[in-house]
Amino acid sequence: MWHHLSSDWLNWADQLAPAAQKINRHLIDALDLPALARAADGRQLVMLDLASGVGEPAFGIARILAGEDELGLHGHVIASDIVPGMCAGLAERAGAEGIGNLSVVAADMEKLPFDEGSMDAISCRFGVMFCHDPDAALHDASRVLRTGGRAAFMLWAPLIDNPLFAAMDTVLGNILGTGFANAGLDLFGFADQASATARMARAGFGDITITTHNPAGRIPERAAFWKPQMEMLFGPQLRKASDTERGAIDAAMFEVLRPYVTDGYFQVPIFFHVLAGVKG
């Protein structure tokens with residue numbers, strides 16, 4: 001499925017990067033990179049980002065580990081994705097942005113091509129829920145971490161708490177006859193906090209924390225701000241849609257999300273969790 005979406009992700013990569021960086025701080029904070037650097041006792045950190053897509057949060061973490069800010073942290077980031085097209089686009093973007101402490105590896109997060117205990121930290125932004133076997137991915141993340149290493153996963157909270165996705169699911173279902181379930185997209189497999197925490201523990205992690213965040217943007221009410229997410233998840237279906245159907249989708253999305261307009265701006269919240277743990 002994701003092989004057919006890499007062009008959609010690359011089309012929106014630069015435009016979405018600033019918004020992604022704003023929420024990535026919650027994921028990066030959970031990794032506590034300064035503490036990992038102190039434990040490394042002068043050794044450069046090795047950081048693995050799973051399901052990197054077109055670059056975030058791998059780019060942001062690489063910049064932190066470049067030693068150029070007040071933290072003075074040093075290390076290397078391995079950005080990985082199962083889709084070769086994503087990896088190619090990611091590598092091209094990293095080169096264009098001059099990020100030198102980052103390499104790109106095509107990898108299945110359920111069967112990572114890295115040695116046991118070879119990573120200091122692992123991040124994954126909205127990716128693990130899409131695995132065929134998410135629990136296998138959690139176990140393999142634990143396997144490649146050093147003892148004392150940290151992993152952090154950004155995960156969607158329930159559909160009912162995410163009005164953009166709820167609107168998208170309803171509108172596409174009504175007009176194109178498709179939605180998350182029909183498209184094989186399980187965005188909310190880790191939405192239940194108790195279940196997500198238990199899965200992390202079964203994978204071998206300790207000191208587990210889960211926090212919930214709900215930022216809301218401020219977007220002009222005439223902007224079809226759902227287009228990036230919609231195309232990145234339903235690109236093949238939208239390419240088959242007629243101009244009339246695409247127009248109807250936009251009109252319906254405007255109508256469903258109108259209750260979130262205040263003083264001429266959409267203010268639609270998103271809810272997500274950050275699940276983090278330490279390799280024992």
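Keep in mind that this is a model prediction, so the values were computed, not measured. Quick note: residue numbers are just sequence positions, from 1.
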Check whether any side-chain heavy atom of H74 sits under 4.5 Å from a side-chain heavy atom of N101, and report yes or no. no
Give a yes or no on this: more than 12 heavy atoms of other residues, nucleotides or ligands lie within 6.0 Å of atom CZ of R25. no
Are the side chains of L187 and L233 in touch, meaning some heavy atoms are under 4.5 Å apart? yes
With a 4.5 Å cut-off on side-chain heavy atoms, are V105 and C87 touching? no
Are there over 12 heavy-atom neighbours, none belonging to E92, within less than 6.0 Å of that residue's CD? no
With a 4.5 Å limit on heavy-atom distance, are the side chains of M109 and D140 in contact? no
Indicate, with yes or no, if L185 and F271 share a hydrophobic cluster defined by side-chain heavy-atom contacts under 4.5 Å among Ile, Leu, Val, Met, Phe, Trp and Tyr. no
Donor-acceptor pair, side chain of D133 and main chain of D135, under 3.5 angstrom: yes
Testing F190, F188, F165 one by one against W156 for a ring-ring contact (aromatic ring centres under 6.0 Å, His included), which residue passes? F165
For T170, what residues pass the side chain to side chain contact (heavy atoms under 4.5 Å, CB included) criterion, not counting sequence neighbours? N174
Do I249 and M230 make a side-chain contact, defined as non-hydrogen atoms from C-beta onward lying under 4.5 Å apart? yes
Which atom pair, heavy atoms only, marks the closest approach of L36 to A121? CD1-CB, 3.7 Å
Euclidean distance, I61 CD1 relative to L27 CG, rounded to 0.5 Å: 6.0 Å
Less than 4.0 angstrom from a charged side-chain N to a carboxylate O is my criterion; do E97 and R63 meet it? yes
Minimum side-chain heavy-atom gap L90-D81 below 4.5 Å: no
Can we say D49 and R125 salt-bridge, meaning some charged N sits less than 4.0 Å from an Asp/Glu carboxylate O? no
Does the separation of the ring centres of F234 and F180 fall below 6.0 angstrom? yes
Interatomic distance, T209 atom OG1 to D207 atom CG [nearest 0.5 angstrom]: 8.5 Å
F225 and F266 aromatic centres sub-6.0 Å: yes
Rounded to the nearest 0.5 Å, how far does NZ of K240 lie from CG of L238? 11.0 Å
If you count the non-hydrogen atoms of other residues, nucleotides and ligands that lie under 6.0 Å from CD1 in I160, is the total more than 12? no
From Q237 atom CD to L172 atom CG, the distance as rounded to the nearest 0.5 Å: 8.0 Å
